[in-house]
Novice: 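Quick one: structure below, then a few questions.
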Amino acid sequence: MSSFLLFFYTSFYVFVTISTGTNEKHRPAVGVIRWDAWNLFKDQYDPISFYLHRALSPEKFHYRIPFYASILSPTNISFNGDRQIVMDQEILYAKHAGIDYWAFDTYCTFGSNCTTNNTYCSQYYKQTSNQYCPRNPAYGLNLYLSSAYRSLLNFTFILLGSSPCDVTFQQQYLDLMKHPQFQTVLDGRSLLYLFQFDDAEADICGGGWTGSGQVFQRFRQMAINQGLQNPYMVLMDFDVRTVQSHASMLGFDAISTYALPGGTLEGTPFVQLLHSAQTWWQSAHQIGAKMVPIVPTGWDPRPRAENPVPWVIEGPEHYIQPSVEELQELIRSGMNFTCTYNQTAEAQTIIIYAWNECSETSGSLIPSLGNGTLYIDALSKILPNYC
């Protein structure tokens with residue numbers, strides 16, 4: 001074990017030992033979205049990591065690469081996040097920041113040339129997210145589960161597309177929902193998110209929204225039959241009224257969104273993204289929706305605009321990277337909303353975008369070449385935040 005890791009681990013052990021003896025007030029849980037596409041597969045970049053590598057290789061984007069990546073030349077970088085030592089350090093960084101759980105983006109696994117025998121997986125890469133067919137999308141989750149430090153941080157899933165309708169996948173989720181580190185809310189209900197689920201996904205899942213609601217109701221019953229509480233299920237989409245309508249038809253408990261795209265070619269001041277987030281929260285509250293507040297640390301997909309990826313079309317419009325003070329104000333605002341509107345935000349958690357979406361935002365929390373530990377240090381000064 002390196003001295004750096006040992007220092008962090010010892011410090012956190014002492015902190016937790018001391019804090020458990022105090023009379024703590026209630027505080028919302030802080031979750032962060034995690035997108036794992038930083039890996040090699042058979043000594044080559046995974047098909048998704050290939051595009052990430054291409055997008056961030058130009059010198060002007062090198063400041064975004066995570067702490068474990070290397071610069072090979074002004075036009076080339078190297079990375080491999082599929083290593084235990086990297087994951088161990090990431091967990092310690094997240095703990096230092098005051099984060100409670102990671103929400104792992106959860107996809108199908110594909111063979112070469114996007115091959116799959118699963119109808120739901122086939123629909124995902126052909127229709128939901130064009131050519132998004134990773135070979136090893138769960139490497140991050142697997143490394144987390146095998147880490148000696150996993151007890152420092154909880155986890156959950158952001159399920160994507162129609163594959164969560166597959167009973168085999170559902171059982172895999174349930175097996176992991178029994179893990180002691182799986183994030184729960186409301187006195188023991190497993191927290192789950194679902195994203196990229198629209199009309200086409202509802203059609204293949206259950207022949208429409210009503211049938212899909214029945215599919216997820218059976219999933220809930222599977223969880224209860226296996227000794228779990230009724231899962232707390234959150235549907236993600238960008239438009240408040242649309243996602244609330246769909247969540248109602250699915251019988252989901254709450255709504256949220258993955259991110260808040262926007263900005264201008266020149267770069268919009270970050271305070272406007274904060275205002276957009278506040279507007280999203282208030283809009284959900286005003287229509288009577290239960291929600292998990294989205295807390296977006298940025299939006300800046302210029303690397304993908306210059307080197308496009310096949311699964312999404314994103315332009316150069318962006319927000320300016322937040323300062324420390326702006327980032328802290330964003331987090332405080334999300335936490336204050338969650339505390340104040342505790343019936344709307346009944347799960348008492350926020351979800352931050354994002355930990356490592358470095359090609360889509362310059363505001364990722366993971367320590368990077370340009371930011372160092374700036375953002376996690378900033379969060380460590382304001383978290384935990386009590387109601």
Novice: Can you find a heavy atom in the side chain of Asn136 that is under 4.5 Å from one in the side chain of Thr109?
Specialist: no
Novice: Taking all heavy atoms of Ser129 and all of Trp311, pick out the closest pair and write down the distance.
Specialist: OG-CB, 3.3 Å
Novice: When rounded to the nearest 0.5 angstrom, what distance separates OG1 in Thr210 from CG in Leu250?
Specialist: 9.0 Å
Novice: When you look at CG of Asn117, are more than 12 heavy atoms from neighbouring residues, nucleotides or ligands closer to it than 6.0 Å?
Specialist: no
Novice: Do Glu346 and Asn342 pass the side-chain hydrogen bond (donor to acceptor under 3.5 Å, both in side chains) test, and can you show the C-alpha distance, the side-chain angles, and the key distance before you say yes or no?
Specialist: CA-CA 5 Å; Glu346 63 179 5; Asn342 56 14; over 6 Å; no
Novice: Whether the Gln171 and Gln226 side chains hold a donor-acceptor pair (N or O, under 3.5 Å, no angle test) is what I'd like checked.
Specialist: yes
Novice: Any chance the rings of Tyr258 and Tyr353 have centres within less than 6.0 Å?
Specialist: yes
Novice: We want to know whether Gln170 and Asp166 form a side-chain donor-acceptor pair, criterion being a heavy-atom distance below 3.5 angstrom.
Specialist: no
Novice: Does Ile352 reach the side chain of Leu365, with side-chain heavy atoms less than 4.5 Å apart?
Specialist: yes
Novice: Is it true that Asp239 and Arg241 make a salt bridge, defined as a side-chain N closer than 4.0 Å to a carboxylate O?
Specialist: no
Novice: Report yes if some heavy atom in the side chain of Tyr144 is under 4.5 Å from a heavy atom in the side chain of Tyr139; otherwise report no.
Specialist: no
Novice: What about the rings of Trp38 and Tyr45, do their centers lie closer together than 6.0 Å?
Specialist: no
Novice: Rounded to the nearest 0.5 Å, what separates atom CD1 in Ile71 from atom NE2 in His62?
Specialist: 5.5 Å
Novice: Using the rule that Ile, Leu, Val, Met, Phe, Trp and Tyr join whenever any side-chain heavy atoms are under 4.5 Å apart, tell me whether Ile294 and Val185 fall into a single cluster.
Specialist: yes
Novice: Does the separation of the ring centres of Phe182 and Phe157 fall below 6.0 angstrom?
Specialist: yes
Novice: For residues Val215 and Cys205, report the shortest heavy-atom separation together with the two atoms involved.
Specialist: CG2-O, 3.7 Å
Novice: Evaluate Asp198 against His246 for side chain to side chain contact (heavy atoms under 4.5 Å, CB included), listing each step before the verdict.
Specialist: CA-CA 8 Å; Asp198 212 323; His246 291 168; 3.5 Å; yes
Novice: Less than 6.0 angstrom separating the ring centers of Phe252 and Phe216, yes or no?
Specialist: yes
Novice: Is there a salt bridge (charged side-chain N to carboxylate O under 4.0 Å, His left out) between Arg83 and Glu90? Walk through the geometry before answering.
Specialist: CA-CA 11 Å; Arg83 293 178 291 156; Glu90 288 192 64; over 6 Å; no
Novice: Does a donor on one side chain and an acceptor on the other come within less than 3.5 Å for Tyr375 and Gln321?
Specialist: yes
Novice: Do Val324 and Asp377 come close enough that some side-chain heavy atom pair is under 4.5 Å?
Specialist: no
Novice: Mind listing the closest non-hydrogen atom pair of Trp299 and Glu317 along with its distance?
Specialist: CD1-O, 3.9 Å
Novice: With a 4.5 Å limit on heavy-atom distance, are the side chains of Met335 and Ile331 in contact?
Specialist: yes
Novice: Can you name the residues that form a side chain to side chain donor-acceptor pair (under 3.5 Å) with Asn336, not counting sequence neighbours?
Specialist: none
Novice: Can you see which heavy atom on Trp280 is nearest to which on Asp237, and at what distance?
Specialist: CZ2-O, 3.7 Å
Novice: Can a side-chain donor-acceptor contact be found between Ser151 and Gln181 if the only test is distance below 3.5 angstrom?
Specialist: no
Novice: List the atom of Leu159, the atom of Pro164, and the distance in Å for their closest heavy-atom pair.
Specialist: CB-CG, 3.4 Å
Novice: So, Thr373 side chain and Ile376 main chain: donor-acceptor pair closer than 3.5 Å or not?
Specialist: no
Novice: Is the shortest side-chain N to carboxylate O distance from Arg27 to Asp100 below 4.0 Å?
Specialist: yes
Novice: Both conditions, 6.0 Å and 45 degrees, for the charged tip of Arg304 above the ring of Trp35: are they met here?
Specialist: yes
Novice: Does a side-chain heavy-atom distance below 4.5 Å link Thr106 with Ile158?
Specialist: no
Novice: What is the distance from atom CG of Asn118 to atom OH of Tyr124, rounded to the nearest 0.5 Å?
Specialist: 13.5 Å
Novice: Any chance you could measure Leu52, atom CG, to Asn307, atom CG, to the nearest 0.5 Å?
Specialist: 11.0 Å
Novice: Go through the structure and list residues passing disulfide bond (SG atoms under 2.5 Å apart) with Cys121, not counting sequence neighbours.
Specialist: Cys108
Novice: Show your working on side chain to side chain contact (heavy atoms under 4.5 Å, CB included) between His53 and Asn76 and close with a plain yes or no.
Specialist: CA-CA 8 Å; His53 173 266; Asn76 195 16; 2.9 Å; yes
Novice: Check the side chains of Gln328 and Lys381 for a donor-acceptor pair under 3.5 angstrom, ignoring hydrogens and angles.
Specialist: no
Novice: Trp102 vs Phe104 aromatic rings, parallel, tilted or perpendicular, using cut-offs 30° and 60°?
Specialist: perpendicular
Novice: Hey, mind stepping through Leu260 and Phe238 against side chain to side chain contact (heavy atoms under 4.5 Å, CB included) and telling me if it holds?
Specialist: CA-CA 7 Å; Leu260 290 176; Phe238 298 106; 5.6 Å; no
Novice: Please say whether more than 12 non-hydrogen atoms of neighbouring residues, nucleotides or ligands are located less than 6.0 Å from CD1 in Ile313.
Specialist: no
Novice: Kindly indicate, with the supporting measurements, whether the criterion ring pair (Phe, Tyr, Trp, His ring centres under 6.0 Å) is fulfilled by Phe155 and His179.
Specialist: CA-CA 9 Å; Phe155 74 103; His179 194 284; 5.5 Å; yes
Novice: Is a salt bridge present between Lys60 and Glu306, judged by a nitrogen-to-oxygen distance below 4.0 Å?
Specialist: yes
Novice: Drop me the distance from Leu228's CG to Arg220's CZ, to the nearest 0.5 angstrom.
Specialist: 12.5 Å
Novice: More than 12 foreign heavy atoms under 6.0 Å from CG of Asp199: is that the case here?
Specialist: yes
Novice: Side chains of Tyr93 and Trp355: does their closest heavy-atom pair fall under 4.5 Å?
Specialist: yes
Novice: Give a yes or no answer on whether the side chain of Ser57 reaches the backbone of Arg54 with a donor-acceptor pair at less than 3.5 Å.
Specialist: no
Novice: Do Gln229 and Ser190 have a side chain donor and acceptor closer than 3.5 Å?
Specialist: no
Novice: Side chains of Thr128 and Gln123: is there a donor and an acceptor less than 3.5 Å apart?
Specialist: yes
Novice: Hey, quick one: are Leu176 and Phe219 part of the same hydrophobic cluster, counting side-chain heavy atoms closer than 4.5 Å, chains of contacts allowed?
Specialist: yes
Novice: Do Val271 and Val295 sit in one hydrophobic cluster, given that two such residues count as connected whenever their side-chain heavy atoms are within less than 4.5 Å of each other, even indirectly?
Specialist: no
Novice: Report the C-alpha separation of Arg189 and Thr184 in whole Å, then their side-chain angles, then the decisive distance to 0.1 Å, and conclude whether the side chain to side chain contact (heavy atoms under 4.5 Å, CB included) test is met.
Specialist: CA-CA 5 Å; Arg189 297 178 64 182; Thr184 62; 5.7 Å; no
Novice: Any side-chain heavy atom of Thr349 sitting closer than 4.5 Å to one from Thr338?
Specialist: no
Novice: Treating Ile, Leu, Val, Met, Phe, Trp and Tyr as nodes and any side-chain heavy-atom pair under 4.5 angstrom as an edge, say whether Tyr173 and Ile224 lie in one connected cluster.
Specialist: no
Novice: Are Tyr101 and Ile366 connected, step by step, through hydrophobic side chains (Ile, Leu, Val, Met, Phe, Trp, Tyr) whose heavy atoms are closer than 4.5 Å?
Specialist: yes
Novice: Which distance, rounded to the nearest 0.5 Å, do you find between the OG of Ser78 and the OH of Tyr68?
Specialist: 11.0 Å
Novice: Between Asp46 and Ser49, do the side chains contain an N or O donor and an N or O acceptor separated by less than 3.5 Å?
Specialist: no
Novice: Looking at every heavy atom in both Ile48 and Cys133, which two are closest together, and how far apart are they?
Specialist: CD1-N, 3.8 Å
